[in-house]
Each structure stands twice: as structure tokens, then as C-alpha cells.
**Q** 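Supplied in C-alpha cells, the structure appears directly below.
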Amino acid sequence: MVLDVDFIRFFKALQKGVGNIAYHVVNEVEEVRYVAAVDAAYSKNGRIASASLVYDVNEDRIVEERSYITSVSIPYVPGLLFLREGPYMLKTVELLHHRWDLLLVDAHGRAHPRRAGMATFLGICVGKPTLGIAKRLLTGRVAKPDMRVSEIIENGDRIGYSFIDTHGRRFYVSQGFGVSYEAIPDIIKKLGGYPRALTLVDKMSKRLIREKVQ
DNA sequence: GCGACAG
DNA sequence: ATCTTGTCGC
């Protein structure tokens, strides 16, 4: 499928609208014990493997894993990742049966040019708390690059946080849905840096491509 | 106009 | 995201 200029304009307008209201609604996430994570990997022959899991932070173990493999039909357009991966990520998240408190998404949430990244849309779709956790910045600038914890600012908006974990690797966290800006540092602290649930779900999606699709 | 650009 | 060899560091 192609994304012509009218579709791109429409979806960008939709993002702007969602970004304007998404963070006014905050049913603050309570307990953070069962953490869900979702990611996707691709094969060269146009297939996508989306994986999800529920991780028990207290017991340090996976309690459920789900996956979904299909063909990708929408191209990647910077800023419109949710169109390409959203449908499949939503699918695998909906396959989870176990209770979960917070969903971690391998993408941005509020730290987006129009303040509505993939994590924002997934949160609105499932109506539960989500956080966007990315390895690279899409927009904005890190206020204090040398600090282990710093805000990400753009045009005076505090759109997320930059963290440097104990291994020196940087990652970016922003609100998806149902989580206040202020709660982010404590949640990352509780998760002990870059969430193991995300590392595990990343490996899982890549393994699916390797073993089931090639 | 030029560069940047989650995954 | 994916395509890839050697290479830096613990």
C-alpha cells in the first residue's frame, strides 16, 4: 500500500490532535509489577513478526509470551511509525491473557514531533498505561547530556527523559498514556534501568524471524 | 535549500 | 528495522 500526500497530511493532523489531549487524561499507573512489552522485527521478504510478553518484575521472569506474524503493507515514514507497526503490535498485546499493569513500547510516546508516537496510540487503543522507550531520539534535545537523568525539551515542552544506565548506554523514555510525566523516573528506577522486558521481547521478535520466516 | 529522520 | 567484518572492551 502507498501513503499518498493526503493520507500523510491526515494522519499527521490526527497525531497533532491526539497529542493535544492524550496527556490531560491520566489514570496514574498504580502498582508496577506485571510489565508488558511489545516489539517487532522484519524479514527481507516483507514479513513482520510482532512479539509481546508479560514480565513479572518482582520474580524476574516471563509469565506469558505471544506473537503474530504477517506481511507488512505500509512503508516506514519518519514520524508515522504507528501506521506501519501499530496494527500488529496492538494484535499481539491483545493476545495477552495475563494481567499487566504497564505496557512498554519500543518507540516514542510524547517525545514526538506532534507529541503522539506509537506508545501514545497503543495506550489509547487499549486504554491502559503505556510508556515509550526508545534507543534513539526522534525530536527535541537532551537538556543535560552529561547527567544520568535529564529532561528532553522541545520548544519549551518537557516531552520526556533521557537516561544513561549502569552500562553507559543511553535510552529515552516518554509518556504514552495513563502515566504522568513526573512518575517516569521512579518507574525506571523500579525497573532497574533499561527494562529487561524490552530486551527479551526484542530477542523474541528477532528469533521468530530467524526461525519461522527467515 | 539542507539536513534529520522512533523502527 | 535490515544488511555485514573486524574490532574495542570487560
Side-chain angles (χ1 to χ4, degrees), chain A residues 1 3 5 8-9 11-12 14-16 18-19 22 37-52 67-93 103-125 130-142 145 152-155 157 159-177 184 188 193-195 197-214:
Chain A
M1 185 196 184
L3 271 181
V5 290
I8 290 177
R9 275 187 64 256
F11 284 120
K12 286 186 173 179
L14 175 64
Q15 286 180 316
K16 217 164 180 176
V18 166
V38 63
D39 195 12
Y42 302 85
S43 72
K44 36 193 163 187
N45 40 13
R47 305 275 288 172
I48 179 171
S50 177
S52 67
S67 63
Y68 178 63
I69 298 175
T70 188
S71 301
V72 264
S73 49
I74 303 248
Y76 171 67
V77 175
L80 294 179
L81 177 68
F82 83 109
L83 285 181
R84 180 167 162 89
E85 295 189 354
Y88 316 121
M89 287 194 165
L90 176 63
K91 172 79 176 178
T92 42
V93 169
L103 172 66
L104 307 179
V105 186
D106 187 12
H108 287 293
R110 194 177 192 167
H112 180 280
R114 292 168 293 281
R115 309 291 181 262
M118 169 90 86
T120 309
F121 279 92
L122 281 183
I124 285 177
C125 287
T130 63
L131 276 183
I133 302 190
K135 295 174 269 324
R136 291 170 6 179
L137 207 56
L138 173 62
T139 197
R141 51 166 260 279
V142 178
I152 302 169
I153 311 285
E154 185 175 65
N155 300 329
D157 292 339
I159 60 177
Y161 287 92
S162 159
F163 293 91
I164 298 176
D165 71 15
T166 51
H167 307 299
R169 55 178 178 170
R170 188 185 290 276
F171 61 99
Y172 309 93
V173 183
S174 63
Q175 298 169 80
F177 187 72
I184 292 177
I188 295 304
Y194 189 83
L198 274 178
T199 305
L200 291 169
V201 80
D202 174 76
K203 283 181 185 167
M204 185 184 161
S205 64
K206 288 186 168 75
R207 177 166 47 76
L208 285 164
I209 287 292
R210 191 165 9 93
E211 295 174 0
K212 298 214 167 190
V213 184
Q214 184 185 85

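Note: hydrogens, waters and symmetry copies are ignored here, and every other heavy atom, side chains too, is used. So that the names make sense, note that chain A is the first sequence line, chain B the second, and so on, each numbered from 1.
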**Q** Ignoring backbone atoms, test whether A:Arg84 places a side-chain nitrogen or oxygen under 4.0 Å from the OP1 or OP2 oxygen of C:dA1.
**A** no
**Q** Using centres under 5.5 Å plus planes under 30 degrees as the test, is A:Tyr76 stacked with C:dA1?
**A** no
**Q** So does A:Lys206 get a side-chain nitrogen or oxygen closer than 4.0 Å to the phosphate oxygens (OP1/OP2) of C:dA1?
**A** yes
**Q** In terms of side-chain heavy atoms of A:Asp106, which of B:dG7, B:dC5, B:dA6 is nearest?
**A** B:dG7
**Q** Take the protein atom CG of A:Leu80 and the nucleotide atom P of B:dA6, then report the distance between them rounded to whole Å.
**A** 12 Å
**Q** Assess, by modelled atom type and distance only, whether the side chains of A:Gln175 and A:Tyr161 contain a donor and an acceptor separated by less than 3.5 Å.
**A** no
**Q** Nearest-Å distance, OH (A:Tyr172) to C1' (B:dC5)?
**A** 14 Å
**Q** Would you classify A:Gly132 as touching base, sugar-phosphate or nothing, given that sugar-phosphate means primed atoms plus P, OP1 and OP2, and contacts are heavy atoms under 4.0 Å?
**A** nothing
**Q** A:Leu83 near the nucleic acid: base, sugar-phosphate alone, or nothing, with a heavy-atom cut-off under 4.0 Å?
**A** nothing
**Q** Counting any heavy atom closer than 4.0 Å, what does A:Ala107 reach on the DNA or RNA strands: base, sugar-phosphate only, or nothing?
**A** base
**Q** Can you confirm whether the side chains of A:Arg47 and A:Thr70 place a donor and an acceptor under 3.5 Å from each other?
**A** no
**Q** Between A:Asp39 and A:Lys206, is the closest basic N to carboxylate O distance under 4.0 Å?
**A** no
**Q** Measure from the side-chain N and O atoms of A:Ser67 to the backbone N and O of A:Ala51, and report whether any donor-acceptor pair falls under 3.5 Å.
**A** no
**Q** What is the separation between atom CD1 on A:Ile209 and atom C1' on C:dC3, rounded to the nearest whole Å?
**A** 14 Å
